[in-house]
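The structure appears right after this line, and notes come after that.
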Amino acid sequence: MLSYILRRLLQFIPTMLGAVTVVFFLISLAPGDPARIMLGERAQKEQIEELREELGLDKPLVQRYGIYLLNVVQLDLGKSIFSQRPVVEEMLELFPATIELSLVAITIATIVGIFLGSLAAVKRNSPFDYISMSGALVGVSMPVFWLGLICIMLFSVILDILPTGGRINARYFFLPITNFYVIDSIILFFQEKDWSYLTSSLLHLVLPASVLATVPLAVIARTTRSSMLEVLKQDYVRTVRSLGVPRFRIIRVYALKNAMLTILTVISIQFGLLLSSAILTETIFAWPGIGRWIYTGIAARDYPVVQGGVILIVGIFLIINLVVDVVYALVDPRIRITKKAE
Amino acid sequence: MKKIIIVLLLVCTVFVFAQKRGGVLVFARGGDSVGLDPGRETDGESFYATVQVFDRLVDFQPGTSIIQPALAESWSASADGLEYTFRLRRGVEFHDRTRFNADAVVFTFERMFKESNPYYQHGPWNYFNSTIGDYLVSVEALDEYTVKFTLNDRLAPFVSILAMDFASIVSPTAVRKFGSEFFRNPVGTGPFVFVSWQKDSQIVFVRNSRYWREPAYVNRLILRVIPDATARLLALQKGEVDIIDFPSPEDIASIRRNNELELIQQEGFNIGYLAMNIEKEPFDNVLVRKAINHAINKDDLIKGVYGNSGIPAKNPMPPSLWSYNEDTPEYEYDPQRSRALLREAGYPNGFSSDIWAIPVVRPYMPNGRRAAEILQAQLREVNINVEIKTYDWGTYLDRVFEGEHGMAMLGWTGDYADPDNFLYTLLSEKAAEKPALNIAFWRNRAFNELILDAQKTSDRGERTALYEEAQEIFFEDAPWVPLAHSIVYAATRENVRGFRLYPTGERIFRDVWLD
């Protein structure tokens, strides 16, 4: 198993290199010049040339690419053109927010999705099946922007039970330590014996995580339903049923476990997507995460930020893939055995 | 009896004053600051934060573009206009308890232009370079509280330029201590002391109780980032924040109706215009330029492009800037008169040209493409057929600066509160040299002499008269169609008192209190 993981880790290198290369050239060849964007209509050509020189943009593309690769190998992703701060540092500040939000969202999506999906499969063609599956269809196609604003309007302004956005009450005097606000507010609780930070940071998670969960929830529910139906049709399920095993046990132990492979794959892909593409949710809920950071980086042609962001996203996907493959082996003995035979 | 009343009054005053003090003020805005070093930053969101922490030698009278003393108590210029001497305020301290004096002023400026200053390398000092960089020869401390600036040429708006954010006085001790990290640890003399900054989330300040002016009322100030305008408004409605920046134009009406909220507006410090390239036919003919001015219906344009957030323009500078000429006439929308002028100019059947549309959203132009379409339709009414052209922003500017266009849209946001920054920067003969910012390539002798004369006098009354006359010549010769000035909005909860917008775009919170 260990050698398998090591081998997979080595395979990361060419994938990463490919991604870095493609993004480097794509963004460098796109029209728009960071120096021009920074200085706008008040700058003349010479000032722009000066700034380009300072930013190192006057060097030939291939040379810039070489320099960049060399730095990346040394884990130096450069400095943001606009803020002048190291890219890695900005990433470390913003990424915890994204992880926190995505973890809660994928947990909601997984629990509710699997529950709804299996129930729909068992009660196939019942009103519950129809309602929950059309609900899922709506969920997949729901514009997040609209849904988010409606939710804020309803739960925050009209019902007045949840905050509109941000990670914690702005009026609290709160200095983050790990940038995982839930963890930070637990630490604060032990220091100051004050629950309010924790309650506030948890309440701030409810709306954005639920809105972010809609699409993956719908996808997971639909996948669970179809793969459960597939499994329930198998001969062994009929056999088990004829042996008089209780229905709940059949679903939980025999059917769901076998359907799990497909569901796991979908969950992992959805999780990867959440981590990298929560731009809209982050924007509406003023959630300072990685998605909007990359987005504004693209708009401003902040090359180091965009490249750093892509490396991060590719890395996330690779790691998630690896983890899922390992989990496969744990869930499915057949894979474990083939791996051993290899 | 009298005594009792006096005592009662005194108690009331104390009570009212006590009421004003305290609380946490949360201001929500659309984007985060890039950095907090006032000399280095170039974006408005950064200056929102630095203006809380730092003071300049001079700043603006509340809500106006008129200069007032700040860290400098008074100043004088030499007769040749090459030397400016500032008397500094005594007894002012930086937040790190070091003394504000002439050395601090010298240090602040030298780090932006003396390569021998070890902190020069933390630039680029863009605003310094583009304003006084070419003029400033030296900054000297004559004694502990007197500073002399020496220039190599006359620069009439020099004192106005020192009211810009880049000229904020920084604590030399703090710059030495933090080095390249100063932009994250700003230390000045301002009304608020910097506490913390969480990227894309919020910047926190506390009240500077030793401020040399009346200290701020609120204990804590928070600049919160809420990128979406509608979400910002919802947060205000719920009371999570006290003031919001730039509500969406569609929400203006509903804010006006809501009696828990207060709408505040200010004409933007900018102008959006359509420049006609005088180096090209037929725009070299003043009758054609007047005809085009008469053909444009600005009210329709503003309705279609700016919505609630624009007003029609007639002069080449914003109305909130001193010396704006209220009396210059306007070209009425009159297609018939326009066609008559074209006949007189020798174009009875109109002509064809192009109109260049700004590809990006600017403060003075929310939607260049849409504006171009409206102008195109209006010009067609008088038989002028124009093709709409647009490029990416960089290419667009490079090409219009070289004069490739027939008519092109552009605009300007004031850097500092001086008419020179509009009239000289955009319309002088010097600015018509390619690559030109005077993209009408308008070279008018009389106009040019007036604005050069105005540069040589420091008396504001005299300068006002010169600039007013220059605006009349601009009207007569019509090198542009001045299109619009934007309107900037903010909204507050009704218990927020004393907040106002400044023409120069600053957000000042030291006079704000919570009722």
Side-chain angles (χ1 to χ4, degrees), chain A residues 30-48 50-51 54-55 80 82-85 89-90 93-94 97 145 148-149 152-153 156-157 160 162-176 179 280 282-289 292-293 296 301, chain B residues 23-26 28 31-35 37 40 42-43 122-124 126-127 129-130 180 183-184 195-196 198-202 204 206 220 222 224-228 230-232 234-238 240-241 358 360 362 391-395 397-398 401 410-413 415 425 435-437:
Chain A
D33 169 1
R36 174 53 93 185
I37 291 168
M38 267 172 100
L39 297 178
E41 60 271 72
R42 54 197 71 250
Q44 297 293 2
K45 260 196 179 129
E46 16 180 319
Q47 276 166 284
I48 295 199
E50 256 171 52
L51 186 62
E54 272 186 43
L55 299 173
S80 155
F82 281 77
S83 72
Q84 299 280 319
R85 284 178 60 186
E89 198 184 284
E90 294 200 335
E93 190 173 337
L94 297 174
F145 224 94
L149 286 176
I152 297 178
M153 194 88 90
S156 307
V157 180
D160 198 13
L162 289 169
T164 64
R167 297 181 70 187
I168 199 161
N169 189 329
R171 289 175 216 273
Y172 289 175
F173 199 85
F174 179 82
L175 297 174
N179 280 322
L280 293 180
E282 287 177 5
T283 304
I284 301 167
F285 291 101
W287 196 269
R292 209 152 51 78
W293 178 64
T296 44
R301 301 283 185 277
Chain B
V24 180
L25 182 73
V26 186
D32 199 7
S33 299
V34 172
D37 182 337
R40 208 184 70 179
T42 53
D43 63 306
H122 300 314
N126 284 319
Y127 266 114
N129 291 334
S130 64
S180 64
F183 76 96
R184 272 194 281 177
V195 177
S196 72
Q198 283 119 50
K199 188 173 165 53
D200 288 348
S201 177
Q202 60 187 25
V204 180
V206 292
R220 219 159 0 113
I222 288 149
R224 176 109 159 159
V225 179
I226 304 181
D228 183 64
T230 310
R232 233 167 19 243
L234 292 172
L236 182 74
Q237 284 178 8
K238 183 147 188 283
E240 287 173 7
V241 302
I358 295 185
V360 287
R362 305 302 291 167
Y391 300 89
D392 78 86
W393 187 220
T395 316
L397 291 173
D398 289 341
F401 289 167
L410 204 58
W412 188 255
T413 303
D415 291 318
T425 312
L437 207 46

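Quick caveat: nothing in here was measured; it's all calculated off a predicted structure.
Atom-to-atom distance recorded for Phe173(A):CZ and Ile222(B):CD1 is 8.5 Å, nearest 0.5 angstrom. Rounding to the nearest 0.5 Å gives a distance of 12.0 Å between CZ of Arg232(B) and OG1 of Thr164(A). With rounding to the nearest 0.5 angstrom, the CZ atom of Phe174(A) is 10.5 Å from the OG atom of Ser196(B). If you take CG on Leu234(B) and CG on Leu149(A), they are separated by 6.5 Å, rounding to the nearest 0.5 Å. Atom CD of residue Gln237(B) and atom CG of residue Asp160(A) lie 11.5 Å apart, to the nearest 0.5 angstrom. Atoms CZ and OG1, on Phe145(A) and Thr230(B) in that order, are 7.5 Å from each other to the nearest 0.5 Å.
For Arg40(B) against Ser83(A), the heavy-atom pair with the smallest separation is NH2-O, 3.5 Å. Contact between Arg292(A) and Val225(B) at its shortest, heavy atoms only, is NH2-CG1, 4.4 Å. When all heavy atoms are compared, the tightest approach of Phe183(B) to Arg85(A) is CZ-CG, 3.4 Å. Summarising the geometry of Lys199(B) relative to Trp293(A), their closest heavy-atom pair is CE-CD1, 3.8 Å, with the distance given to 0.1 Å.
In this structure, chain A has heavy atoms under 4.5 Å from both the backbone and the side chain of Asp398(B). For Val241(B), the part lying near chain A is the backbone, with the side chain staying farther off; criterion is any non-hydrogen pair under 4.5 Å. For Glu240(B), the parts lying under 4.5 angstrom from a heavy atom of chain A are both the backbone and the side chain. For Leu94(A), the part lying near chain B is the side chain, with the backbone staying farther off; criterion is any non-hydrogen pair under 4.5 Å.
The closest donor-acceptor contact from the side chain of Arg171(A) to the backbone of Gly23(B) lies at 3.5 Å or more, if one exists at all.
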Does the pair Arg167(A) and Gln198(B) meet the rule for a side-chain contact (heavy atoms from CB on, under 4.5 Å), with working shown? CA-CA 11 Å; Arg167(A) 297 181 70 187; Gln198(B) 283 119 50; over 6 Å; no

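In terms of non-hydrogen atom pairs under 4.5 Å with chain B, the most contact-rich of Ala97(A), Gly165(A), Ser156(A) is Ser156(A).
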